Structure formats: C-alpha cells, structure tokens
Amino acid sequence: MSVLERLSATIEARRGADPASSHTAKLLAKGPLKCAEKFGEEAVEAIVAAASDDRDNLTYEAADVLYHLMVMLASREVSLAAVLAELERREGTSGIAEKASRG
Ligand SMILES: N=c1c2ncn([C@@H]3O[C@H](COP(=O)(O)OP(=O)(O)OP(=O)(O)O)[C@@H](O)[C@H]3O)c2ncn1[C@@H]1O[C@H](COP(=O)(O)O)[C@@H](O)[C@H]1O
C-alpha cells in the first residue's frame with residue numbers, strides 16, 4: 001500500500017473522530033467549503049515556494065497540498081481510488097492530443 005493510500009485510509013478513519021484530537025476530524029466537521037478553502041491556502045503556499053525557487057520549502061508545501069487535497073476529496077466523498085482510476089484512464093493520451101480532441 002502506498003503512503004497516499006495509507007493517508008486516505010487514515011483520513012476516512014478520522015471521519016467523526018474528536019476534532020480536539022484530530023486535525024482531519026476538525027476540518028471535516030467544518031464542511032466541504034472550509035476544506036476547499038484550506039486546500040486553496042496550501043496551494044498558494046506551494047505556488048509561492050515554487051516561484052521563489054525554494055526546493056526544500058516546495059517539497060514541504062507540496063506534502064501539505066496533497067494532505068489537504070485528500071481531506072477536500074473526503075469532504076465530498078470522492079475516493080482516492082476514483083482519482084487514481086481517472087489518471088490511469090488518461091495514461092498514454094498526450095495532453096496536446098486530448099486538448100485538440102476537445103476542439
Ligand atoms: N499529513 C498531514 C498533515 N499535513 C499538514 N497537517 C496539519 O495541517 C495544519 C495546517 O496548519 P494551519 O495553521 O494552516 O491550519 P490550522 O491550524 O487549522 O489553522 P486555521 O486555518 O484554523 O487558522 C497543521 O496543523 C498541520 O499539522 C496535517 N495533519 C495531518 N496529516 C496526516 O493525517 C494524519 C491524521 O492526523 P489527525 O487527523 O490530526 O490525527 C496524520 O497522521 C498525518 O499522516
């Protein structure tokens with residue numbers, strides 16, 4: 001099992017847990033809009049790290065982005081498996097070709 005799959009299982013297990021002892025439970029209890037807002041904040045921090053060419057900070061912020069993406073997905077009951085299946089479906093299709101097919 002990959003670290004993302006373990007994290008996904010941990011996030012699911014935190015659903016309904018005590019918000020005082022779990023950051024995930026606290027976010028999920030606040031609802032999908034708060035989860036989306038936190039994801040946006042973390043994404044902006046990763047953008048700043050990338051723009052300033054700070055690779056260590058970008059690595060750290062990217063981990064925050066992945067965690068908060070997973071919490072946002074959980075808040076809307078979208079599984080990691082569904083996202084991975086969509087990526088698998090795209091495997092082998094060039095982004096250039098895909099864009100051209102949309103006209
Ligand atoms: N990967 C993470 C992870 N990355 C970042 N964070 C937390 O995300 C928070 C982001 O900090 P912020 O100050 O932006 O957020 P905040 O404290 O809610 O501040 P406000 O927005 O409310 O002002 C910090 O508390 C980080 O510790 C994470 N919290 C949990 N995980 C994973 O989730 C698992 C379960 O965690 P809990 O749900 O807390 O048990 C952990 O074992 C980890 O594997």
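These numbers come from a predicted model, not from an experiment. First listed ligand is number 1; within each ligand, the first listed atom is number 1.
With distances taken over non-hydrogen atoms, the option nearest atom 14 (O) of ligand 1 out of Glu41, Arg6, Lys38, Arg15 is Lys38. Which of Thr10, Thr24, Val3 comes nearest to atom 36 (O) of ligand 1 through a heavy atom is settled by distance: it is Thr24. The nearest non-hydrogen atom to atom 7 (C) of ligand 1, considering only His23, Met70, Arg14, comes from His23.
Hydrophobic clustering of Ile, Leu, Val, Met, Phe, Trp and Tyr side chains at less than 4.5 Å, counting indirect connections, unites Leu84 with Leu4. Follow the hydrophobic side-chain contacts under 4.5 Å out from Leu87 and you never reach Val78; the two are in separate clusters.
Inclusion of Lys34 in the set of residues having an N or O under 3.5 Å from an N or O of ligand 1 is not warranted.
Within ligand 1, counting atoms from 1 as listed, the ones closer than 4.0 Å to a heavy atom of His68 are 8 (O). If you number the atoms of ligand 1 from 1 as listed, the ones under 4.0 Å from a heavy atom of Lys26 come out as 18 (O).
Within 6.0 Å of CG in Asp56 there are 12 or fewer heavy atoms belonging to other residues, nucleotides or ligands. Under a cut-off of 6.0 angstrom, the local environment of CD1 in Ile96 is sparse, with at most 12 non-hydrogen atoms contributed by other residues, nucleotides or ligands.
Minimum heavy-atom separation, Ala74 to Arg15: O-NH2, 3.0 Å. Pairing each heavy atom of Met72 with each of Cys35, the nearest pair is CA-CB, 4.0 Å. When every heavy atom of Ala25 is checked against every heavy atom of Ala17, the shortest pair comes out as CB-O, 3.5 Å.
Nearest non-hydrogen protein atom to atom 5 (C) of ligand 1 is Asp64 OD1, 3.4 Å. Shortest contact from atom 33 (O) of ligand 1 to any protein heavy atom: Tyr67 CE1, 3.5 Å. Looking from atom 44 (O) of ligand 1 to the surrounding protein, the closest heavy atom is Leu7 CD1, 3.8 Å.
Under the 4.0 angstrom criterion, atom 1 (N) of ligand 1 counts as having a protein heavy-atom contact. Protein heavy atoms are absent from the space less than 4.0 angstrom from atom 27 (O) of ligand 1. The presence of a protein heavy atom under 4.0 Å from atom 30 (C) of ligand 1 is confirmed. For atom 11 (O) of ligand 1, the nearest protein heavy atom lies 4.0 Å away or farther. At a distance under 4.0 Å, no protein heavy atom can be found next to atom 42 (O) of ligand 1.
A distance of 8.0 Å separates CG in Leu28 from CD in Glu12, rounded to the nearest 0.5 Å. Distance check, rounded to the nearest 0.5 Å: CG of Asp64 to CD of Glu42 gives 4.5 Å.
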